[in-house]
Amino acid sequence: MQVTYNSDKRKLLSSLSHGAIFFSTALFSIGVPIVINLMSDDPVVKSNAKESINFHFNVWFWATLIGVPIGILSWITFGIGGLLFFPVIALGFAIHWGLTIWALLHCFGQPDVPFRYPFIFRLF
């Protein structure tokens with residue numbers, strides 16, 4: 001017997017997993033997909049939650065790798081270093097928010113297909 005899943009619930013939980021970053025970039029953004037992954041029995045929702053967790057880890061990793069040196073340089077040069085790297089910071093934010101919005105649109109448009117972020121490393 002084939003198991004069917006509620007499409008609206010699938011859209012909501014998948015979108016909530018990817019969109020949690022809009023609420024906070026701290027622990028809440030990764031806590032929501034973890035809870036959804038543990039509580040849901042829908043394979044598409046679980047896949048989207050895991051992908052969201054991986055994406056959040058990537059965002060944190062790159063923000064630390066790039067942001068810390070820029071912050072140190074900015075502190076040493078009294079803010080001039082931060083201004084020099086503003087385009088890099090802006091590009092990082094644009095990629096981060098753009099990929100998140102793309103994931104949300106995919107979840108609403110194709111709820112039966114898990115979303116996969118391009119160019120990220122996956123821990124799960």
Locate the shortest heavy-atom distance separating [X] from [Y]; write the atom from each residue and the value.
X     : Y      : answer
Asn54 : Leu123 : OD1-N, 2.9 Å
Asp42 : Val44  : OD1-N, 3.0 Å
Ser29 : Pro33  : O-CD, 3.1 Å

Can you check side-chain contact (heavy atoms from CB on, under 4.5 Å) on Ile89 and Ile70, steps first, answer last? CA-CA 9 Å; Ile89 296 167; Ile70 290 174; 4.0 Å; yes
Between Thr64 (side chain) and Trp60 (backbone), is there a donor-acceptor pair under 3.5 Å?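 Yes.
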Under 3.5 Å, side chain of Ser17 to main-chain N/O of Asn48, donor-acceptor pair present?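 No; zero donor-acceptor contacts below 3.5 Å.
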Working to the nearest 0.5 Å, report the span between [atom1] of [X] and [atom2] of [Y].
X     : Y      : atom1 : atom2 : answer
Lys11 : Leu104 : NZ    : CG    : 13.0 Å
Leu91 : Phe86  : CG    : CZ    : 11.0 Å
Asp41 : Met39  : CG    : CE    : 10.5 Å
Glu51 : Lys46  : CD    : NZ    : 15.0 Å

Have Ser14 and His18 got a donor and an acceptor in their side chains that come within less than 3.5 Å?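 Ser14 vs His18: no donor-acceptor pair found between side chains.
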Working note: Leu99 + Trp102, criterion side-chain contact (heavy atoms from CB on, under 4.5 Å); need CA distance, chi angles, decisive distance, verdict. CA-CA 5 Å; Leu99 288 174; Trp102 182 21; 3.6 Å; yes
For [X], does the [atom1] atom have more than 12 heavy-atom neighbours from other residues, nucleotides or ligands under 6.0 Å away?
X      : atom1 : value
Phe119 : CZ    : no
Tyr5   : OH    : yes
Lys50  : NZ    : no

Any non-hydrogen side-chain atom of Ile21 less than 4.5 Å from a side-chain atom of His96?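 Counting from C-beta outward, Ile21 and His96 do come under 4.5 Å.
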Can you classify the ring geometry of Phe22 versus Trp97 as parallel (below 30°), tilted (30 to 60°) or perpendicular (above 60°)?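 The arrangement is parallel - the two ring planes meet at less than 30°.
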Please verify the inter-ring angle class for Phe55 with Tyr117; under 30° counts as parallel, over 60° as perpendicular, anything in between as tilted.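 Phe55 and Tyr117: parallel rings.
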Starting from [Y], can I reach [X] by hopping between I/L/V/M/F/W/Y residues whose side chains sit under 4.5 Å apart?
X      : Y     : answer
Phe115 : Ile95 : yes
Phe121 : Leu65 : yes
Ile53  : Val35 : no
Phe28  : Leu16 : yes
Phe23  : Leu12 : no

Can you name the one residue among Ile36, Val32, Ile30 that meets side chain to side chain contact (heavy atoms under 4.5 Å, CB included) with Ile34?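 Testing Ile34 for a side chain to side chain contact (heavy atoms under 4.5 Å, CB included) against Ile36, Val32, Ile30 leaves exactly one candidate, Ile30.
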